[in-house]
Amino acid sequence: MTFECAARHQSYSTAAQELCMSQAAVSQQMRQLEQALNTKLFIRKAKQMLLSQQGEILFDSSKKALGIINQGICQIYQEDIAGELTVTSTQAFTSLWLMPRLQSFAKLHPNIQIRFLPSAGFEDFKQSQIDLAIRFGTQIKENTPKNLICEYFGEAFVYPICSAELAKGQNLALPNDLLSTWLVTLEKPGAYDWGTWFKSVNVTGYDQHKQWTKVNSTDTALTAVLNGHGVTLAAPYLCKPQLDSGELVIPFNFPHPATVKRYMVYDQNSTRLTRLKVFMEWLKEEM
């Protein structure tokens, strides 16, 4: 188990944190294992402990073995529906979509306590004790570890969104008119960038635009535009109440070429699977 953890993280210190051991104890166990096998399993490179060819072979076998053991344990023992679930997703989805609906889930299942970890990254399930990751994007399946289930549950288009007041004041009649106002973008927009959108609607000159506001999450971007500052790109379900009320509008009904695909990532051998399925079914119904 110590070897599998160290190999998975390629770090003795990170493995020590997960296993609640000292780094020295992990290092000693790895030296003893290498001596017993009379082979080098790790190769140090800067702060990383990379696997040797023999280490890769042992890591692959240890993952399969631990997977079989975990599967057996889960067949023997399953937690009740009542209890805690740790869910991670983006800050925007957590604050704008999940939190407003949390009370409806709590009324249906008062014995399930949800612990949220807002993050856009691909966290280690074991280290962070995560039960479910709700992920969005175009490369989620490719970036999901093979030992986890990556279940698709729909997708949505991304549109330009701004306040009704700004749309009227700036007289946004054509996509090119957006170049006369502030554009709000993520620091790392990924597939959902303004450049691709402008190309899709045949607008040129956007690369010379000077009025940019960069933020680190979509909820921050939507807060800015809700208060009259510029236009951002977002999936409408994140701000449906404001769109329904007319506070926010979609000035141009031209979606971004890249759709936001939704996935639920989880461990099918989780001892909390019964509880997890309840939450996932509710999530799919709400979306």
(message) Is any side-chain heavy atom of Leu98 closer than 4.5 Å to one of Phe105?
(response) no
(message) With a 6.0 Å cut-off on the ring centroids, do Phe93 and Phe136 count as close?
(response) yes
(request) Rounded to the nearest 0.5 Å, what's the gap from OH on Tyr152 to CD1 on Ile140? Could you check? (result) 12.5 Å
(request) Could you verify whether a donor N or O on one side chain and an acceptor N or O on the other, from Thr220 and Ser217, lie under 3.5 Å apart? (result) yes
(request) Verify whether one side chain among Asp177 and Ser180 offers a donor that lies under 3.5 Å from an acceptor in the other. (result) no
(message) For Arg8 and Phe59: C-alpha separation, side-chain torsions, deciding distance, then whether side chain to side chain contact (heavy atoms under 4.5 Å, CB included) applies.
(response) CA-CA 8 Å; Arg8 174 160 40 89; Phe59 181 43; 4.0 Å; yes
(message) Grouping I, L, V, M, F, W and Y whenever their side-chain heavy atoms are under 4.5 Å apart, do Phe198 and Trp182 come out in a common cluster?
(response) no
(request) Inspect the contact between Lys277 and Glu281 and indicate whether a charged nitrogen and a carboxylate oxygen are less than 4.0 angstrom apart. (result) no
(message) Working to the nearest 0.5 angstrom, can you tell me the gap between Leu148 CG and Ile130 CD1?
(response) 10.0 Å
(request) Test Val184 against Trp212 for side chain to side chain contact (heavy atoms under 4.5 Å, CB included), laying out the working first. (result) CA-CA 6 Å; Val184 185; Trp212 292 99; over 6 Å; no
(request) Indicate yes or no for a side-chain donor-acceptor contact from Asn143 to the backbone of Gln139 under 3.5 Å, with no hydrogens or angles considered. (result) yes
(message) Test of understanding: clusters of I, L, V, M, F, W, Y form through side-chain heavy atoms closer than 4.5 Å, transitively. Do Ile149 and Met264 belong to the same one?
(response) yes
(message) Any non-hydrogen side-chain atom of Tyr206 less than 4.5 Å from a side-chain atom of Lys199?
(response) yes
(request) Please confirm whether the backbone N or O of Ala16 pairs with a side-chain atom of Glu18, one donor and one acceptor, at under 3.5 Å? (result) no
(message) Is any side-chain heavy atom of Leu238 closer than 4.5 Å to one of Leu222?
(response) yes
(request) Taking Thr88 for its side chain and Leu117 for its backbone only, find out whether a donor-acceptor pair lies under 3.5 Å. (result) yes
(message) Go through it in stages, so that I can follow the logic: the residues are Leu166 and Val225, the test is side chain to side chain contact (heavy atoms under 4.5 Å, CB included), and I'd like the CA-CA distance, side-chain angles, deciding distance and then a yes or no.
(response) CA-CA 9 Å; Leu166 183 138; Val225 301; over 6 Å; no
(request) For residues Leu178 and Trp194, report the shortest heavy-atom separation together with the two atoms involved. (result) CD1-CZ3, 3.9 Å
(message) Quick check: do Leu183 and His209 have side-chain heavy atoms less than 4.5 Å from each other?
(response) yes
(request) For residues Leu226 and Glu247, determine if any side-chain heavy atom of one lies less than 4.5 Å from a side-chain heavy atom of the other. (result) yes
(message) Using side-chain heavy atoms (C-beta onward) and a distance below 4.5 Å, is Val265 in contact with Leu132?
(response) no
(request) Drop me the distance from Leu41's CG to Arg31's CZ, to the nearest 0.5 angstrom. (result) 13.0 Å
(request) Establish whether Phe157 and Phe153 are linked, either directly or via other cluster members, by ILVMFWY side-chain heavy-atom contacts under 4.5 Å. (result) yes
(request) Specify whether Phe254 and Phe252 have parallel, tilted or perpendicular ring planes, treating 30° as the upper limit for parallel and 60° as the lower limit for perpendicular. (result) parallel
(request) Please check if the side chain of Ser245 supplies one atom and the backbone of Gln242 the other of a donor-acceptor pair under 3.5 Å. (result) yes
(request) Could you tell me whether Asp207 atom CG has more than 12 heavy atoms of other residues or ligands within 6.0 Å of it? (result) yes
(message) Under a 3.5 Å distance rule, please check whether Asn171 uses its side chain to pair with a backbone N or O of Ala167 as donor and acceptor.
(response) no
(request) Mark yes or no: Arg262 above the aromatic ring of Tyr237, with NZ or CZ under 6.0 Å from the six-membered ring centre and no more than 45 degrees from the axis. (result) yes
(request) Mind checking the CG-SG spacing from Leu172 to Cys162? Nearest 0.5 Å is all I need. (result) 5.5 Å
(request) Give a yes or no on whether Gln53 atom CD has more than 12 heavy-atom contacts from other residues, nucleotides or ligands under 6.0 Å away. (result) no
(request) Considering non-hydrogen atoms only, spot the tightest contact between Val26 and Ala6 and give its length. (result) CG1-CB, 4.4 Å
(message) As an exercise, state the distance from OG1 of Thr232 to NE2 of His229, rounded to the nearest 0.5 Å.
(response) 10.0 Å
(request) Write down the atom of Lys261, the atom of Glu155, and the distance for their closest heavy-atom approach. (result) CA-CB, 3.7 Å
(message) Would the distance check show the side chain of Thr196 and the main-chain N or O of Asp193 forming a donor-acceptor pair, the cut-off being under 3.5 Å?
(response) no
(message) Testing the 3.5 Å rule here: is there a donor-acceptor pair between the side chains of Asn216 and Glu187?
(response) no
(message) Is a donor from one side chain sitting under 3.5 angstrom from an acceptor on the other, for Gln29 and Thr2?
(response) yes
(request) Compute the ring centroids of Phe42 and Phe3, then answer whether they are less than 6.0 Å apart. (result) yes
(message) Quick test of your reading of the model: are Arg275 and Glu84 salt-bridged, counting only N-O distances below 4.0 Å?
(response) no
(request) Step through the shown structure and confirm whether more than 12 heavy atoms of other residues, nucleotides or ligands are within 6.0 Å of CD on Gln211. (result) yes
(message) Tell me whether Lys240 at atom NZ has more than 12 heavy atoms from other residues, nucleotides or ligands lying less than 6.0 Å away.
(response) no
(message) Nearest 0.5 angstrom please: Tyr266 OH to Asp131 CG, how far?
(response) 12.5 Å
(message) Give me the atom names and distance for the closest heavy-atom approach of Leu96 to Arg101.
(response) O-NH1, 4.4 Å
(request) Answer yes if the side chains of Ser163 and Glu165 hold a donor-acceptor pair under 3.5 Å, and no otherwise. (result) no
(request) Assert yes or no for the condition that the ring centre distance of Trp197 to His256 is strictly below 6.0 Å. (result) no
(request) Say whether Leu50 and Leu58 are linked into one hydrophobic cluster, either directly or through other cluster members, by side-chain heavy-atom distances under 4.5 angstrom. (result) no
(request) Give a yes or no answer on whether the side chain of Lys40 reaches the backbone of Glu34 with a donor-acceptor pair at less than 3.5 Å. (result) no
(request) Identify the heavy atoms of Phe125 and Asp267 that sit nearest to each other, and give their distance. (result) CE2-N, 4.4 Å
(message) Is the shortest side-chain heavy-atom distance between Lys284 and Glu151 below 4.5 Å?
(response) yes
(request) Return the minimal non-hydrogen interatomic distance between Thr185 and Pro189, and the atom names on each side. (result) OG1-CB, 4.1 Å
(request) Ignoring hydrogens and angles, state whether a donor on the side chain of Gln23 or Ser13 is under 3.5 Å from an acceptor on the partner side chain. (result) no
(request) Go through the steps to decide whether Tyr263 and Ile134 satisfy the test side chain to side chain contact (heavy atoms under 4.5 Å, CB included), and finish with yes or no. (result) CA-CA 6 Å; Tyr263 297 90; Ile134 305 166; over 6 Å; no
(message) For Met99, is the CE atom crowded, meaning more than 12 foreign heavy atoms sit under 6.0 Å from it?
(response) yes
(message) Let me check something: do Ile161 and Trp97 share a hydrophobic cluster, defined by ILVMFWY side-chain heavy atoms less than 4.5 Å apart, either directly or through other members?
(response) yes
(message) Contact between Pro118 and Thr90 at the side-chain level, heavy atoms closer than 4.5 Å - yes or no?
(response) no
